[in-house]
Protein chains: 2
Amino acid sequence: MATPVPRYRRLDRDERQEQILAVARRVFTELPYADVSTAAIARETGIQRGLIHYYFGTKRELFLTVVRDLMAQVAYDAPPIGDELSSDEVVDLCVTLFLDAAEANASTWFAALDAEGFGHDPELVKIVTKIRDATVERMLAVLRLPAPTGTLRAVLRTYSGLADSATREWLQTKTLTRTQVHTLLARTLVALITEIAPAVERS
Amino acid sequence: MATPVPRYRRLDRDERQEQILAVARRVFTELPYADVSTAAIARETGIQRGLIHYYFGTKRELFLTVVRDLMAQVAYDAPPIGDELSSDEVVDLCVTLFLDAAEANASTWFAALDAEGFGHDPELVKIVTKIRDATVERMLAVLRLPAPTGTLRAVLRTYSGLADSATREWLQTKTLTRTQVHTLLARTLVALITEIAPAVERS
DNA sequence: ATATCTATTGACGTATCGCCAATAAACCGC
DNA sequence: GCGGTTTATTGGCGATACGTCAATAGATAT
């Protein structure tokens, strides 16, 4: 008797999940959420559509998992906190690390920010906010400010908005060079911390 | 013979279109794009779904029409260019007008920015970019700068990003007051124009 | 009244998502 | 090796939403 040919390979959870996630990561960064069908992901993975729901529940949860993973990776590429540096050097380092991270993960970062219903989906907002806060905290740690207040944190979060749009000018519309964006972000950060944030605090 | 009761009122194009747009404006600002069905819009307007496609083609085109209209309205609420003001006063005025506009049209503005596939949809990007550029041009006009370069324009566009996220901190997460946001935006704008933009220019 | 125009309906085809019962691949005890 | 158990995987069903189009019927002019 010939050994019956298996109709499909049976993998264990982790392996299959990672396989699906690999495809999803790529596809979700290439196309907007609505233009990605679970059928397409299944096809490219070489499985049936139902399996995606078996592992991830809904399409949206799959997407959120992708975003979470990518964000975690961004956070993982954490800057080594340099010691014995002048204040300006620290700021420069900060900006350099940020721009490196942005360049490396641009497509995914923008994919998350551009995701459908961004401001409406609490879960998505939570994820991005978490990363933003983590970035802010790291900046605070590096900058060694005496007593960071809630207001300062808020101001630095708005700085993230500036950084995002500056990154877009650099990587998407290409109207600014990396050097220019660096200058912009570094100088603005200094101005924010030394002068503007205190002024906001007093308002 | 009794006069036959009309099964529907027949309106002319403009009237019906405006009627549909009125409903769409409201619904699209309340829910994310994907959660709005043309069926719901039709129901609330009191018409059949097909009519929406008859007038606007697709759901996305309807949405774009809504965004375009709202953006045009924002541009229409243009600040009267105040004359004979000190530089600081002009900046203050600028920020005040911006915050007024933001407060009035916050939900719609965010609806556009949070729209599905923002960075992927060229048409949507075009609309928002157009408004941003218009805002920048108006700032330039008000500020009466000698020779605005492309770089300066790019820097001011990134400032729009800062303004957006600052507005979110004020209106959405409520971690900053209007006064604080005002201080933040005014001071940053001054710093950008007088110091940072020239430095970026030299980079 | 009758004819013409076009706003409006209503139904059809297609795509996609979420769910779930049936299936079968792999593993375990014997 | 062999039957039993586990659970990864399939495949199909139902619901919902969008886009299209021929048929219908208000309104207006002749």
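To find a chain, count down the sequence lines: A is the first, B the second, and so on, and within it residues start at 1. As the structure is a prediction and not an experimental result, all values here were calculated from the model.
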Using whole Å, what does the distance between atom [atom2] of nucleotide [N] and atom [atom1] of [X] come to?
X       : N      : atom1 : atom2 : result
B:Tyr55 : C:dT8  : OH    : C1'   : 8 Å
A:Ile41 : C:dT16 : CD1   : P     : 12 Å
A:Gln48 : D:dG12 : CD    : C1'   : 10 Å
B:Asp35 : D:dT16 : CG    : P     : 15 Å
B:Tyr33 : D:dA17 : OH    : P     : 13 Å
A:Ile52 : C:dT16 : CD1   : P     : 13 Å
B:Leu51 : D:dA23 : CG    : C1'   : 15 Å
B:Leu62 : D:dG19 : CG    : P     : 10 Å

ask   = Distance check: side-chain N/O of B:Thr38 vs OP1/OP2 of D:dA17, anything under 4.0 Å?
value = no

message = By the salt bridge (Lys or Arg N to Asp or Glu O under 4.0 Å) test, which pairs, at least two apart or in different chains, include something from residues 10-22 of chain B?
response = B:Glu18-B:Arg25

request  = Keeping to residues at least two apart or across chains, list the salt bridge (Lys or Arg N to Asp or Glu O under 4.0 Å) pairs with something in residues 145-160 of chain B.
outcome  = A:Glu169-B:Arg157, B:Asp133-B:Arg157, B:Glu137-B:Arg153

Applying side chain to side chain contact (heavy atoms under 4.5 Å, CB included), can you list everything that pairs with [X], at least two apart in sequence or on another chain?
X        : value
B:Ser165 : A:Thr158
B:His182 : B:Asp92, B:Val95, B:Thr96, B:Leu99, B:Ala186
A:Leu152 : A:Leu140, A:Leu145, A:Pro148, A:Thr149, A:Leu156, A:Ala197

Could I get a table of every N or O pair under 3.5 Å where one atom is in the protein and the other is in nucleotides 19-23 of chain C?
none

inquiry  = The criterion is salt bridge (charged side-chain N to carboxylate O under 4.0 Å, His left out); which residues satisfy it with A:Glu44, sequence neighbours excluded?
reply    = A:Arg26

inquiry  = Heavy atoms only, 4.0 Å cut-off, all strands: where does A:Tyr54 land among base, sugar-phosphate and nothing?
reply    = base

ask   = Taking only residues two or more places apart in sequence, or in another chain, which ones meet B:Glu103 in a side-chain hydrogen bond (donor to acceptor under 3.5 Å, both in side chains)?
value = B:Arg178

ask   = Taking only residues two or more places apart in sequence, or in another chain, which ones meet B:Ser37 in a side-chain hydrogen bond (donor to acceptor under 3.5 Å, both in side chains)?
value = none

ask   = Do any pairs count as a side-chain hydrogen bond (donor to acceptor under 3.5 Å, both in side chains) and have a residue in residues 187-198 of chain B, sequence neighbours left out, and if so which ones?
value = none

query = Which listed nucleotide (C:dA25, C:dG18, D:dG26) is nearest to the side chain of A:Pro6?
reply = C:dA25

request  = Can you figure out which of D:dT7, D:dA27, D:dT10 approaches the side chain of B:Arg10 most closely?
outcome  = D:dA27

note = Taking five pairs at each terminus, the helix from C:dA1-D:dT30 to C:dC30-D:dG1 shows an axis bend, to 10°, of 10°

task = Go through residues 12-31 of chain A and report each residue with a non-hydrogen atom lying under 4.0 Å from DNA chain C, sorted by number.
result = none

inquiry  = As an exercise, state the distance from CG of A:Leu189 to CG of A:Leu184, rounded to the nearest 0.5 Å.
reply    = 11.0 Å

message = I need the A:Phe56 CZ to A:Thr58 OG1 distance, nearest 0.5 Å.
response = 11.0 Å

A:Tyr8 (side chain) donor-acceptor with A:Gly46 (main chain) under 3.5 angstrom = no

